[in-house]
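Throughout, protein chains are lettered first and strands after them, A, B, ... in sequence-line order, and every chain is numbered starting at 1. As a basis for the values below, the full set of heavy atoms in this structure was taken, side chains included, without hydrogen atoms, waters or symmetry mates.
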There are 4 protein chains.
Amino acid sequence: MIVILKQNVKPEQVATFCRELESMGFQINDSKGSDTHILGLIGDTKALSESWLLANPIVDSCRRVSEPYKKANRKFHPDDTVVDVSGVKIGGGNFAVMAGPCSVESEAQIVEVARRVQKSGASLLRGGAFKPRTSPYSFQGLRAEGLELLSKARAATGQPIVTELMSSEHIPLFLQEKVDMIQIGARNMQNFELLKAVGRTNVPVLLKRGLSATLEELVMSAEYIMAEGNPNVVLCERGIRTFETSMRNTLDLAAVPMLKKMTHLPVVIDPSHAAGIAFMVPSLAAAAVAVGADGLMIEVHNDPKNAKSDGAQSLTPDQFDELMDVIRPELEFFGKKLN
Amino acid sequence: MIVILKQNVKPEQVATFCRELESMGFQINDSKGSDTHILGLIGDTKALSESWLLANPIVDSCRRVSEPYKKANRKFHPDDTVVDVSGVKIGGGNFAVMAGPCSVESEAQIVEVARRVQKSGASLLRGGAFKPRTSPYSFQGLRAEGLELLSKARAATGQPIVTELMSSEHIPLFLQEKVDMIQIGARNMQNFELLKAVGRTNVPVLLKRGLSATLEELVMSAEYIMAEGNPNVVLCERGIRTFETSMRNTLDLAAVPMLKKMTHLPVVIDPSHAAGIAFMVPSLAAAAVAVGADGLMIEVHNDPKNAKSDGAQSLTPDQFDELMDVIRPELEFFGKKLN
Amino acid sequence: MIVILKQNVKPEQVATFCRELESMGFQINDSKGSDTHILGLIGDTKALSESWLLANPIVDSCRRVSEPYKKANRKFHPDDTVVDVSGVKIGGGNFAVMAGPCSVESEAQIVEVARRVQKSGASLLRGGAFKPRTSPYSFQGLRAEGLELLSKARAATGQPIVTELMSSEHIPLFLQEKVDMIQIGARNMQNFELLKAVGRTNVPVLLKRGLSATLEELVMSAEYIMAEGNPNVVLCERGIRTFETSMRNTLDLAAVPMLKKMTHLPVVIDPSHAAGIAFMVPSLAAAAVAVGADGLMIEVHNDPKNAKSDGAQSLTPDQFDELMDVIRPELEFFGKKLN
Amino acid sequence: MIVILKQNVKPEQVATFCRELESMGFQINDSKGSDTHILGLIGDTKALSESWLLANPIVDSCRRVSEPYKKANRKFHPDDTVVDVSGVKIGGGNFAVMAGPCSVESEAQIVEVARRVQKSGASLLRGGAFKPRTSPYSFQGLRAEGLELLSKARAATGQPIVTELMSSEHIPLFLQEKVDMIQIGARNMQNFELLKAVGRTNVPVLLKRGLSATLEELVMSAEYIMAEGNPNVVLCERGIRTFETSMRNTLDLAAVPMLKKMTHLPVVIDPSHAAGIAFMVPSLAAAAVAVGADGLMIEVHNDPKNAKSDGAQSLTPDQFDELMDVIRPELEFFGKKLN
């Protein structure tokens, strides 16, 4: 941590401040230039709050120079983490496609979609039982019943399921239905009580980036889960909020190489939610493979026109099949293994 | 709702689509120009999903022309709502100042701050017991003990308390301690399960705008609470996330006149979290009064230099006193009543 | 400047790099911790490029700790600058209101508006002759003829005029018509050739913040003008681009206290362009006064309904008169002098 | 254009407004529902200003339903445009790589880089002579001398050159040196006088997207150039400004499929400026190919460590060679022709 002091601070004040910092275990490197007076803090600053430093009247500003995350930090864990979701591997050269409808709507629907996406090459079935919707008047999901229907679809195909958790009160239900991977949605990325709760399970977690979360904040949320004891975290970029209005969100594909530098965790891309428009999904999916992602999450619906949510961004099973026909050889081209 | 059809759509397809819409209870106004073919839907489109429309292959785009919120909509409720928090009125010409520390740290601290802010003219005591922190290694609040200390401070001064709720599991605790106003933090603005839960209580709610939430989304989250039966919602603008890096967030004061047009709910401003820097708080507070806000939320700490969180943005009791010395006559100038 | 080195860099590489930096005139403070190795550069880093540092393979990142601007920096010029626009003072306690139509449309229009805004208390007449429009099919302004009409309006009222310059090729025309203050529009804030050109005149400049310019970039653009020899720069915040869609831009009123800390230049607010909607202008103008601005720029049109541009955000002369009736006593309340 | 009227507007007012619109040549479709009253305008609304509509006191809001651009619109020009830059084709299945240093620094430097990038497979040489720099104290380019050196490099390799124009005053110089492609930089995307000036030449234009420009605004700027008679416009996405701070800008790769839907113009990607960090360039370039771009612009410097600008994002010639070794077969995989 670098602490920049205000101009014309008295030497006694600096001395007092340095003693306080030293008593907290830091070594101080004091550097005084013509215009600037800087203190370099040497030691573990992970738990040191910038706000605490800034509240001192002699401090002008401060800059963190080492990352505030540890368990998720690639520096201390150079090898790629491979997350195993009931046998499906994600990360470290293993690529996984999660596909399925935005919402689970009926047994017939989810089982049919499950069969179709499996046939096309998906390795996990996605489907929403609990649905976060902007409007209280929109369809809120089949909830507990939706989980049961996902289990039935899994029984039919053998594919692991990934579905969103919206409240820690539902965790017993998720464990009872043996959900293979728990999704934390973008709007709950900083619902810290929920992060801690899934951190206390050992179920793999798909952690979606918040609409306006920085990459560091995303990794800090992963750190919350890992700090509670659950190391099985997969990060998901799903579009961020910008000023652009022609599509729903702006897919930040550059997040992939940057996250791979910051952390050892796998990174998957959700092009369906990012653009919000089905015609853009195939080209964004191809770009996700090329940029180095470890997986894709794709919305597929047997009848998008009558979907209860997000039909506009859903592919039909046939369109998904065409997409996989591009992705499969492209993965081979880039040396990744499709699981 | 306006539905713009794609070019070269067959008349039969349009006819089928119109029949479907009519069967849902809408009247259709069909308008065909040289380049564009538009359907106007007349009726209650509140529960009609844009995504459902967009998923139809003949639809190019659609535009909502009436607001998707009803209970919070000023059109259907022209008078200002006045929310009563244990006797303190907010809205409709009544201005309330909520002040106190970011975190409750000890009985001595919270009682001292409570006494000081009351003396300066605050009407509610704020203080965090459950703290949402970006890092799992930061101070997470005194939690249940913090709520008890807030109760003690209330006993000492008689001022109602407002404090943040982070999980629906803590609601029984909040009711037991008789929290006067429940704060929903920015990061939980779209934690819909939590919104529904506080909607089922009758405790006044301070709903903070998410870091990247549009004003319409903020009002939709209020609608969630109101749709469950709790009409006592106060909106709070606390800075949005933009590209600017010289301060923590960008305070959107223009949100006040716009929200007042959209909704009848009171709107308060939190300049402390917006800027994140204490020296900016007084001028932003003065601007909030001038722009027409119904209240302020200000962080005050007896010893900011040693605050366990957000010291950099906290005023000392003396600074808060000076701020109130400006605000009081300014409110008079603008014809508002300080409660 | 703080330079953070990569992990596991060889001592010889560091030594070579330090010698290179020293040969450029910097003193080096070398600080090696357990995880981080930092070099502090002492000396004038204004012209030192961060990109040059980052291109060195042993450098991980770097942080500037002193501001990259000098002439505009309050540190080296603690007193407020007062800019004199043909007798109208702006800054240092002097408040100026610039009012007039978006576009000059005819002699009758501009003279009538000039008379009305003068009567209500404006001190400068604004009006566009050269208009930056998103569409090539929109009205592009009366151009040279518009400048002549502004001169005629000035002759009628005696008020100085401020109008936008879009190309350095038009400077001779602006000097010939004795334009009192040259406006650089938001879209040209980083048109560096244009900044240099107005820097070589001695005409006061109203420099508008770009739609997505940081405050530091705004000050750097002022520095361009000042570095060429023209110290008469007034900064103008006119709304920044964010994700919010209910109004045209987000007015960043917090820019005022922050710019006042960074620089000694006056700061004015343009609430008309910020919101883009007339009903919001009066409350935003009142907030601008309260937050500490040195002036306002307000669009006023004698017939907004038939304005050739930006009618939606223009006040009528009567509405402007009402606004000034609030602003005048409010300035008195806050101890400012209306010029 | 859809015009939504305010509530409780008098029939006479609507009738007057409709007559006015009809006199402008529009047909009106009048649609009155329970809560909303809408007018649909049928006819060419390209030159109709939304602000003019909104300034009418009976109008609540309006929504454009047909695009405000014509010459650049794919609807009226379904085939891909192929831009020919002195023999190098861009668009319609033709892929071009533009490579070279950020700044031209010396004859030896630019000729060496030109030879190396040509050998690796680049088809155009890029290099800055006039440099837009945030700070007036940074290297501003060799200017006229830089153009001469680019000509010399072209003489050495035969490759066309692309370089940035910052002021219309320099156009004669650009024509004299026979610059093959004129680049309009991001900061000048809405420098409308400059756009008109290059529109009056017949030199191909590389138009970079502004840091916070919407895709529609980018296309409108292309329309400015095309409306003056120059149809040879290539669009370039180079990163937009968002809240993310770990890299310089956020590369919006989804812009490619969306722009291809909106317009028939070629789209190229500049991953160097987007990320601002060399290690990210290869993966972003591969993603650009996969998403369907028509070209790449890549910064290559023979000695990035000593580059006078943007060294941090420059590849060495060897790194560029490796990148081309991936891009070449990838283009083949996706059925594109490398020129």
Which residue pairs pass the salt bridge (charged side-chain N to carboxylate O under 4.0 Å, His left out) test with at least one member in residues 213-226 of chain D, sequence neighbours excluded?
R241(C)-E217(D)
Measure F26(B) against the heavy atoms of chain D and call it side chain, backbone, both or neither at under 4.5 Å.
neither
Can you tell if the side chain of T16(B) reaches within under 4.5 Å of the side chain of R19(B), non-hydrogen atoms only?
yes
Among residues two or more places apart or on two chains, list those pairs meeting salt bridge (charged side-chain N to carboxylate O under 4.0 Å, His left out) that have a residue in residues 268-280 of chain B.
K208(B)-D270(B)
Which of residues 3-11 of chain D have a heavy atom under 4.5 Å from any heavy atom of chain B?
I4(D), Q7(D)
Going by side-chain hydrogen bond (donor to acceptor under 3.5 Å, both in side chains), R74(D) matches just one of D79(D), T81(D), D80(D). Which one?
D80(D)
I240(D) side chain near N249(D) side chain, heavy-atom distance below 4.5 Å
no
Hey, is CD on Q27(D) packed in by over 12 heavy atoms from elsewhere, all under 6.0 Å?
no
Chain D heavy atoms under 4.5 Å from S31(B): which part of the residue, side chain, backbone, both or neither?
both
Ring pair (Phe, Tyr, Trp, His ring centres under 6.0 Å) contacts touching residues 239-266 of chain B (sequence neighbours left out):
H77(B)-H264(B)
Counting only heavy atoms closer than 4.5 Å, note whether D60(B) contacts chain D via side chain, backbone, both or neither.
side chain
